[in-house]
Each structure stands twice: as C-alpha cells, then as structure tokens.
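For ligands, and for the atoms within them, numbers begin at 1 and follow the listed sequence. As a basis for the values below, the full set of heavy atoms in this structure was taken, side chains included, without hydrogen atoms, waters or symmetry mates.
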Amino acid sequence: MRRTDADVVVIGGGPSGATVAAEAARLGARVVVLEKREGDSPSRAGVIQPRVLELLDARGLMGRFRDAAKDWRPDFEVPRYIYAGLVGLRYDLLDSAHPYALILPQTTTEHLLRAWATEAGAEVRRGVTYVEHTEDDDGVTVTALDADGATVTLRAGFLVGADGARSTVRTHLGVPFEGRETEMTAVSIDADLTFPWEASMQMRRNENGWILAYPFGQRTTRFIIVAEARRTVPRGEPVTIEEVRESLRAIFGDDFGVTTAKWVSRYGDAHKMTPYLHRGRVSLVGEATRVHYPASGIGMNYCIQDAFNLGWKLGLVATGDAPEALLDTYDGERHPVLREVMDDIAAQCKLHFDFTPGGLRLKDFVESELIPIPEVNAILCDRLSGFGTSYHRQDDPHPADGTRVGEMPLGDRRYTEVAAGSAFVLAERADGAPTTRALPSRVTRVVTGEPGFARELAGAAAALIRPDAYVARAWDTTPSDREVEAAYAEAVGYGVR
Ligand SMILES: Cc1cc2nc3c(=O)[nH]c(=O)nc-3n(C[C@H](O)[C@H](O)[C@H](O)COP(=O)(O)OP(=O)(O)OC[C@H]3O[C@@H](n4cnc5c(N)ncnc54)[C@H](O)[C@@H]3O)c2cc1C
C-alpha cells in the first residue's frame, strides 16, 4: 500500500464535516479536514434538537454548548416547539435529560464542533478548496487548491464529501441529485431592535402569511417570514428592509422599527436527494446528500446525526478494527431515515405555505385539536427531535435492539460519562454478571445494579451499545463472552445476518 497523508480526508468543515472528523479521530483515525472558508459561514440554523443534545452529552460536550447558549441569551432552552409553523409541541414531555431545543447560532455550533474535532486529533486546514479526486483499490488521491492558488495533493484511505448543498465532491462523482427546484421562498432576518425582545418564541399567521419571532442574542430578534404576496419571489432576489417591514406590518401588525440586520437570507424549498450515501471509498454526508426547506429547524440536526453514524464506522475501518463493509451500513441505516425526513418535510410544506381560508382553517384545526392529543404530540416530537430514529430490524431478537440510548445511570457513573471515552459500551446488570470477561479491545464494560438501566433498555439484563448511542444487541439474561463477541462482530460488519 502507498504511504498516505491521512486515513480520512473530509471535505467541508461545517456541522457535518466537523462531526465526522471528530468521531473518526477520537477512535484513532488520522483525519484531515479541508475547508475552503477562512472565516465564518452565515449563521442559518438557530436550534439544536434533543437527540443531537443527547449525542453531544455522550461526548462530554454539553457543558460548553450550554455555556455558549447562556452567553447568547439567558432562556436558551425552548420546551415548546413548532411543527410546520404551528405552535404548541410539548418537547418538555420527552423522556430525555434534554427535553428542549437549545437556541444557539450555527456559527457558534460550528466553532464548538471544529474545536472538538481538533481536540480529538483531526487537522482542520482552512482556506483549502477541494477540486477533484481519483479512487483506486487502496485509497483516494485528492487534489485541492490552497488560499494562494497552489495545488495541494493528499493521499488517503477514505474521502468524505461534507461540502454542503452544492457539493463539488457529489458533482465530481456524478452522483444524481434527484428532486425538484425551488417553488416557494421565505425570508429569515436577524434584525437589530432598539429594545430587547422579551418574549420567547412568538408566532403570528393570517391570510398575509406567517412569522416566527424569537430573541437571537442581545437586541437581535430572528424573524422567519413567509409572506403570501412574496412567496414565489426567486431565491436570488435580494431581501430589502422595506420588504421585511411591510411583511411584519401585514402579518405581525408592527414593523418594530427594523432598519438594520446582522444577517438576511431568502431561501427556498428545493427538494432533492442523492440515491445513495456511500460507494467504495467515498461517503457523502449532510447537505451534500439532500436539500429541503428548513422546516421546523431540523436540517442541520439530521446532518449531525448522519455524521455520528458515519464517524465511528470510519474510525474503526480506518484503524483496521472493522472491515470496509461496515461503511455500507451507513447508507443502509441513514438513507431510509432521510427518505422519511424528506417526505415529512414535503408534507409540512403543503400545510405551511397554504394561506387560503381552507389552509388557515386546517392549520387552526391541527394546532388546536390534533397537536394537544398526547399521542399526536409524541409522534411529532419524535420526528423533529430525532428520537423516532431506530435501527431495529424485524429479525432482531430483543425489543431494545437498534433503539436509541440517552442518559442513564450505570453503577456509580452515568452512561454519558462512560460513552465519552469509549467506543462500544457493554452495560450489564450486576445480578448474574460474571466477575471478569474477555472482550474485544473496543468494548468498555460497566456493571450496574441501578434500576434505571433496565427501564431504559426494555428490561434487558445486558446491552452492547454502539459508539453512536444505539443498542447493537440486548439480552434478557446474562450473555456469554461468546455471545457478546458475536454481537460485536456483527455490529462492526463482520457477521451480517
Ligand atoms: C435560512 C436557513 C435556515 C436554517 N435553519 C435551520 C435550523 O433552524 N435548524 C437546522 O437544523 N437547520 C437549519 N438550516 C439548515 C442548516 O444550515 C444545514 O442543514 C447545515 O448547514 C448543513 O451542514 P453541512 O455541514 O452538511 O453543510 P454546510 O453547512 O453547507 O457546510 C459545508 C462546508 O463545506 C465547505 N465547502 C464547500 N465546498 C468546498 C470545497 N470545494 N472545498 C472545501 N470546502 C468546501 C463550505 O465552506 C462549508 O463550510 C437552515 C438553513 C438555511 C439556509
């Protein structure tokens, strides 16, 4: 094999690329991230959803995310959320240590994720733009340009295209991007106000459109606006402050004296997806694989969840601890999840963009009659929060197999503390567990007498938990070493059923 500069080269240091890099590097892969920007990207996403909060917690990162959010605004936890622009979703009823959306600008989220990637050992090179790559039997050769326009060549085992909606990696590979172009547009503005916006999230709608407003830092309020009269304005048409004020007056009844903004964007509902996420030595992740209307603020969050799924697999494959076949499971697990997300976003858009009398009546009905029904609330919360994702298969023997793991007690420690420094975790109830076990080196064992453990894992006596906090295999009775080893081998791609 030729000498390589890295095990994994990641193109793009946004939320997806930084997370993949961190996850692969923390398991020992040599990772280089090439990011074309030297400065910050525009803020865009404003919230982190509960499942991503659980995953960040499982890496010991919640403290710094909460501190950053607190600096940004005191009431940074949002326990009541929106679906298709309708209010009243009860995140506070979620069974989680994080039953809320965390308000944080994407710029800060990206800083924190890149810092984590660097601490985990990844090298982030800024001002370097990917141009093309070639792939052969034992690796990839990546060609890029540095900030001075000089050619940079890198040889690596694997390539990840995390370069966003207009992905050059995807285009270079010729991967189809199927769907439709923008039909409707909306406007987001981080407006400077001369007074602090005291209320938390506020929504207004009428025949003129819909607005969601929430404080986004000191004396800055984010207004997300769908104006009935302007929803077919092309995406490329610049947003004017007068247009924003007009919409605020027509929908909110007040323009709040907005004259300046930190950021404005007109964005569309283009709806496109790649038919697969991984082939050979190249994976695509995040918005390189799909674009959709940013309904309910879940886009970045599903990107980060993809990255958690791919990152540990790359880490183990690159270090020789798992076969390359493990990477195919990234596609097998995430593509169906993303198809569902896309279908749900399409449905939300139908409801969201309709301001006819019938459309407004339907919104009222869903908001006041359906969302308050606990079962409906639970379904919608699961979809947005990411808790609805399960890798459980029909032939899985235990109901907990493939399900998510959140925070839970494990003996005198917490799951998140153990997970932060581990790859796989074998959690076992004390009764019946052997004193010692011979386990694969990537498995950390914890024996616990805590009752909370059994509740989290559908009464299981033991569970092997993957690095991305999903159960690989659970057992009702204490498993033998051989059973654990077989479950581990299957989870890392050796023994596929
Ligand atoms: C107006 C708006 C509001 C949104 N609101 C929300 C929200 O509230 N909640 C939410 O969850 N999501 C939201 N989103 C979606 C969210 O912004 C994206 O899902 C997220 O940025 C995708 O992350 P990514 O890392 O996949 O791609 P990106 O963030 O696009 O990152 C790609 C990175 O790759 C780099 N890059 C590109 N080409 C190259 C190259 N050739 N070489 C090297 N580097 C390259 C780019 O500079 C960039 O840093 C919103 C989006 C928009 C447009």
Side-chain angles (χ1 to χ4, degrees), residues 9-21 32-52 78 81-82 101-107 109-111 113-114 117 124-133 142-147 152 154 159-172 182 185-190 201 212 214 216 222-226 235 239 263-270 277 284-307 310 338 341 345 384-386:
V9 171
V10 178
I11 310 301
S16 307
T19 306
V20 171
V32 173
V33 179
L34 304 183
E35 167 53 55
K36 73 176 177 185
R37 271 179 209 277
E38 293 187 272
D40 286 339
S41 63
S43 192
R44 297 173 290 169
V47 293
I48 306 184
Q49 299 286 349
R51 180 55 180 158
V52 173
V78 178
Y81 203 60
I82 50 160
L102 184 107
I103 295 191
L104 194 66
Q106 184 168 332
T107 319
T109 299
E110 288 186 17
H111 282 174
L113 293 175
R114 277 194 296 268
V124 181
R125 294 192 198 169
R126 305 201 66 149
V128 184
T129 304
Y130 160 94
V131 178
E132 59 178 17
H133 72 273
V142 177
T143 306
L145 294 175
D146 71 14
V152 178
L154 285 172
L159 176 67
V160 176
D163 50 343
R166 295 192 185 91
S167 171
T168 319
V169 177
R170 183 188 68 225
T171 308
H172 177 70
T182 290
T185 56
V187 165
S188 269
I189 174 166
D190 290 348
M201 272 191 181
L212 187 74
Y214 56 97
F216 210 55
R222 174 164 287 190
F223 293 103
I224 307 174
I225 304 168
V226 179
R235 220 182 125 228
V239 181
W263 172 73
V264 287
S265 172
R266 192 188 311 279
Y267 50 92
D269 66 341
L277 312 179
L284 296 172
V285 65
E287 283 208 343
T289 69
R290 77 284 194 173
V291 288
H292 55 71
Y293 182 71
S296 308
I298 60 170
M300 177 188 77
N301 287 271
Y302 273 89
C303 292
I304 292 175
Q305 290 172 74
D306 294 347
L310 176 61
L338 296 178
V341 169
I345 299 253
L384 301 189
S385 63

### atom 5 (N) of ligand 1: the protein heavy-atom neighbour that sits closest, reported with distance to 0.1 Å
Ala45 CA, 3.5 Å
#### Entry: Aromatic ring pairing His133/Tyr130, orientation class (parallel under 30°, perpendicular over 60°, tilted between)
tilted
### Summary
Here the gap from Ile298 atom CD1 to His292 atom NE2, rounded to the nearest 0.5 Å, amounts to 5.5 Å
#### Entry: Side chain, backbone, both or neither: Val128 near ligand 1, heavy atoms under 4.0 Å
backbone
### Message
Less than 4.5 Å apart, side chain to side chain, heavy atoms only: is that true for Ile82 and Leu212?
### Response
yes
### Task
Identify, by atom number and element, the atoms of ligand 1 in contact range of Ala162, meaning under 4.0 Å from any of its heavy atoms.
32 (C), 33 (C), 34 (O)
### Query
Looking only at distance, does Pro15 have an N or O less than 3.5 Å from an N or O of ligand 1?
yes
### Query
Say you draw a straight line from CG of Leu154 to CG of Leu159; how long is it, rounded to the nearest 0.5 Å?
10.0 Å
### Task
May I ask you to list the atoms of ligand 1 that are less than 4.0 angstrom from any heavy atom of Gly164?
27 (O), 30 (O), 32 (C)
### Query
Which is closest to atom 17 (O) of ligand 1 by heavy-atom distance: Gln106, Met300, Arg166?
Gln106
### Message
Among all the protein's non-hydrogen atoms, which is closest to atom 34 (O) of ligand 1, and how far away is it?
### Response
Gly12 CA, 3.2 Å
### Query
Atom CD1 of Ile189 and atom CD1 of Ile224: how far apart are they, to the nearest 0.5 Å?
12.0 Å
### Query
Quick one: nearest non-hydrogen protein atom to atom 45 (C) of ligand 1, plus distance?
Lys36 CG, 3.7 Å
### Query
Can you find a pair of side-chain heavy atoms, one from Glu287 and one from Ser16, that are under 4.5 Å apart?
no
### Query
Are Arg290 and Ile345 side-chain neighbours, meaning at least one heavy-atom pair lies under 4.5 Å?
no
#### Entry: ligand 1 contact on Cys303 by region, counting heavy-atom pairs under 4.0 Å
side chain
### Query
What part of Asn301, side chain, backbone, both or neither, has a heavy atom within less than 4.0 angstrom of ligand 1?
both
### Query
Can you find a heavy atom in the side chain of Trp263 that is under 4.5 Å from one in the side chain of Arg44?
yes
### Task
Give yes or no for whether the N/O distance cutoff of 3.5 Å, strictly under, is met between Gly297 and ligand 1.
yes
### Closest protein heavy atom to atom 24 (P) of ligand 1, given as residue, atom name and distance to 0.1 Å
Ser16 OG, 3.3 Å
### Query
Can you list the steps and then say if Leu338 with Asp306 is a side chain to side chain contact (heavy atoms under 4.5 Å, CB included)?
CA-CA 9 Å; Leu338 296 178; Asp306 294 347; 3.7 Å; yes
#### Entry: Element-labelled atoms of ligand 1 that are located less than 4.0 Å from some non-hydrogen atom of Gly14
25 (O), 31 (O), 33 (C), 49 (O)
### Query
Which heavy atom of the protein is the closest neighbour of atom 37 (C) of ligand 1, given with residue, atom name and distance?
Asp163 O, 3.4 Å
### Summary
Contacts of His111 meeting ring-ring contact (aromatic ring centres under 6.0 Å, His included) (sequence neighbours excluded), chain-then-number -> none
### Task
Take Leu277 and Leu310 through the side chain to side chain contact (heavy atoms under 4.5 Å, CB included) test and state the conclusion after the steps.
CA-CA 10 Å; Leu277 312 179; Leu310 176 61; over 6 Å; no
### Query
Hey, is ligand 1 close enough to Gly46 that some N/O pair sits below 3.5 Å?
yes
### Task
Could you list the atoms of ligand 1 found under 4.0 angstrom from a heavy atom of Ile11?
40 (C), 42 (N), 43 (C)
### Message
Could you tell me, atom by atom, which parts of ligand 1 come under 4.0 Å of a heavy atom of Arg37?
### Response
47 (O)
### Heteroatom distance test (Ser188, ligand 1): nitrogen or oxygen, under 3.5 angstrom
no
### Task
Please state which part of Pro294 comes within less than 4.0 Å of ligand 1, counting heavy atoms only: side chain, backbone, both or neither.
side chain
### Task
Enumerate the atoms of ligand 1 whose separation from the nearest heavy atom of Leu34 is less than 4.0 angstrom.
43 (C), 44 (N)
### Query
Taking non-hydrogen atoms only, is Tyr267 closer than 4.0 angstrom to ligand 1 via side chain, backbone, both or neither?
side chain
### Query
When you look for heavy atoms under 4.0 Å from ligand 1, do you find them on the side chain of Ser167, its backbone, both, or neither?
neither
### Task
Please determine if Gly299 has a nitrogen or oxygen closer than 3.5 Å to a nitrogen or oxygen of ligand 1.
yes
### Task
Around atom 18 (C) of ligand 1, find the nearest protein heavy atom and jot down its residue, atom name and distance.
Glu287 OE2, 3.2 Å
### Query
Quick one: CZ on Arg126 to CG on Asp146, what's the gap to the nearest 0.5 Å?
15.0 Å
### Arg266: partners by salt bridge (Lys or Arg N to Asp or Glu O under 4.0 Å), with sequence neighbours left out
Glu243
### Message
Suppose I only count heavy atoms of Gly286 and a 4.0 Å limit; which atoms of ligand 1 are within that range?
### Response
26 (O)
### Query
Which one of Glu35, Arg222, Glu110 has a non-hydrogen atom at the shortest distance from atom 46 (C) of ligand 1?
Glu35
### Task
Going by heavy-atom distance to atom 2 (C) of ligand 1, choose the closest among Glu132, Arg44, Arg126.
Arg44
### Task
Answer whether the closest heavy-atom distance between the side chains of Leu34 and Val142 falls below 4.5 Å.
yes
### Query
To the nearest 0.5 Å, what is the distance between CZ (Arg51) and OG (Ser385)?
9.5 Å
### Message
Measuring from atom OG1 of Thr129 to atom CG of Leu145, what distance do you get when rounded to the nearest 0.5 angstrom?
### Response
6.5 Å
### Task
Could you say whether the N/O atoms of Tyr130 and ligand 1 ever approach to under 3.5 Å?
yes
### Stepwise side chain to side chain contact (heavy atoms under 4.5 Å, CB included) check, Val187 with Val264
CA-CA 7 Å; Val187 165; Val264 287; 5.6 Å; no
### Trp263 contact mode with ligand 1 (heavy-atom cut-off under 4.0 Å)
side chain
### Summary
For Thr168, the atoms of ligand 1 under 4.0 Å from one of its heavy atoms are 41 (N)
